[in-house]
Amino acid sequence: MVATALTRRIDGLIVSNTNGRRLRRSPRGTAAKAAALSGRPLFEPSTRLLARAYLLTGGAMPLIGCGGVEDSETALAKIEAGANLVQLYTGLALKGYGIVEPILVGLSRALKRAGSTGSANWSAPGRASGAGSETTEADAYATSD
Ligand SMILES: Cc1cc2nc3c(=O)[nH]c(=O)nc-3n(C[C@H](O)[C@H](O)[C@H](O)COP(=O)(O)O)c2cc1C
């Protein structure tokens with residue numbers, strides 16, 4: 001999909017949508033049923049996928065990190081994995097608009113912290129580790145279990 005998006009010069013990709021994986025048990029332990037996964041359970045797999053997309057595109061295409069974003073830590077993780085923008089749906093639906101400001105405040109603090117150590121360049125996502133190690137953060141997310 002990334003190769004096609006690059007070839008067709010797609011403006012950007014949202015990584016990712018809900019996961020249609022079949023659950024063995026519903027959250028209440030009742031009968032198995034097909035369910036689209038969103039929110040917290042989607043955070044890790046979608047962040048891994050985002051990091052892989054970033055490594056494949058080499059930063060050549062805007063990526064929107066989505067899946068399980070619910071606070072500044074999860075938003076920051078998306079940026080570190082390669083997102084230019086962050087999208088949230090379930091977090092907003094469950095916690096309301098009030099979660100937006102703390103996310104922005106937390107990101108702003110993290111940016112200031114990173115800036116004061118001279119290590120961050122958030123205009124180039126996934127490159128918070130400094131020159132010569134551009135893919136380190138995305139690599140870590142892409143390969144984590
Ligand atoms: C109730 C619901 C409806 C959604 N409708 C759409 C939709 O119409 N089109 C779409 O591309 N994604 C849709 N999504 C996917 C979300 O935009 C998002 O990609 C996904 O839920 C993962 O992010 P989240 O964990 O923040 O919810 C929907 C998700 C939910 C939970």
Side-chain angles (χ1 to χ4, degrees), residues 1-115 117 119-129 133-145:
M1 189 184 283
V2 169
T4 304
L6 284 170
T7 310
R8 299 290 176 99
R9 300 187 182 200
I10 300 294
D11 290 332
L13 285 175
I14 301 174
V15 187
S16 69
N17 207 310
T18 50
N19 176 334
R21 183 179 297 168
R22 185 174 284 273
L23 298 177
R24 281 204 190 140
R25 288 168 180 270
S26 74
R28 287 189 185 137
T30 53
K33 62 174 186 178
L37 213 56
S38 76
R40 195 173 297 174
L42 190 59
F43 174 74
E44 283 193 21
S46 64
T47 306
R48 269 204 302 276
L49 202 59
L50 171 65
R52 285 178 59 200
Y54 177 74
L55 294 173
L56 288 169
T57 58
M61 171 179 294
L63 298 175
I64 301 172
C66 184
V69 173
E70 58 181 13
D71 52 29
S72 60
E73 284 78 22
T74 46
L76 180 59
K78 297 292 184 187
I79 293 170
E80 288 178 343
N84 299 84
L85 295 165
V86 175
Q87 175 184 324
L88 61 159
Y89 189 127
T90 302
L92 202 62
L94 294 180
K95 297 186 179 179
Y97 293 117
I99 76 167
V100 174
E101 194 176 342
I103 289 176
L104 296 178
V105 169
L107 287 178
S108 171
R109 283 194 187 129
L111 181 57
K112 277 190 194 133
R113 269 199 311 274
T117 62
S119 64
N121 179 5
W122 280 11
S123 63
R127 298 178 186 175
S129 301
S133 56
E134 274 80 1
T135 58
T136 304
E137 304 269 346
D139 271 323
Y141 282 105
T143 55
S144 68
D145 284 325

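We use all heavy atoms of the structure for the numbers below, so side chains are in, but hydrogens, waters and symmetry mates are not. Positions are given from 1 along the sequence. Numbering of ligands and ligand atoms starts at 1, following listing order.
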Q) At under 4.0 Å between heavy atoms, which part of L42 makes contact with ligand 1: side chain, backbone, both or neither? A) side chain
Q: Answer side chain, backbone, both or neither: which part of S16 comes under 4.0 Å from ligand 1, heavy atoms only.
A: backbone
Q. Which atoms of ligand 1 are found less than 4.0 Å from any heavy atom of S38?
A.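 What qualifies from ligand 1 is 21 (O), 25 (O), 27 (O), 31 (C).
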Q.
With heavy-atom distances below 4.0 Å as the criterion, list the atoms of ligand 1 near G68.
A. 24 (P), 25 (O), 26 (O)
Q: Write down the atom of L55, the atom of A138, and the distance for their closest heavy-atom approach.
A: CD2-CB, 3.9 Å
Q) What's the shortest heavy-atom distance between T90 and S38, and which atoms? A)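 Scanning both residues, the minimum pair turns out to be OG1-OG, 2.7 Å.
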Gap between atom [atom2] of [Y] and atom [atom1] of [X] - 0.5 Å precision:
X	Y	atom1	atom2	answer
I99	I103	CD1	CD1	4.0 Å
Y54	T47	OH	OG1	15.5 Å
N17	L42	CG	CG	8.5 Å
R48	F43	CZ	CZ	10.5 Å
L50	R52	CG	CZ	11.5 Å

Please write down residue, atom name and distance for the protein heavy atom closest to [atom].
atom	value
atom 23 (O) of ligand 1	C66 SG, 3.2 Å
atom 17 (O) of ligand 1	Q87 NE2, 3.2 Å
atom 16 (C) of ligand 1	Y89 CD1, 3.7 Å
atom 11 (O) of ligand 1	N17 ND2, 3.1 Å
atom 21 (O) of ligand 1	T18 CG2, 3.4 Å

Q | Nearest option to atom 27 (O) of ligand 1, as decided by whichever heavy atom of T90, I64, T74 sits closest | A | T90
Q: May I ask you to check if ligand 1 and L88 share an N or O to N or O distance below 3.5 Å?
A: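 So ligand 1 has no N or O lying under 3.5 Å from an N or O of L88.
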**Q.** T7 side chain vs A3 backbone, donor-acceptor pair below 3.5 Å
**A.**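 A pair under 3.5 Å: yes.
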(Q) Is it the case that the side chain of K78 and the backbone of G67 share a donor-acceptor pair, with hydrogens and angles ignored and the cut-off at 3.5 Å? (A) yes
Q: Indicate whether atom 9 (N) of ligand 1 is within a distance of less than 4.0 angstrom of some protein heavy atom.
A: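 It does not; no protein heavy atom is within 4.0 Å.
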Q: Please check atom 6 (C) of ligand 1 for a protein heavy-atom neighbour under 4.0 Å.
A: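 No, because not a single protein heavy atom sits under 4.0 Å from atom 6 (C) of ligand 1.
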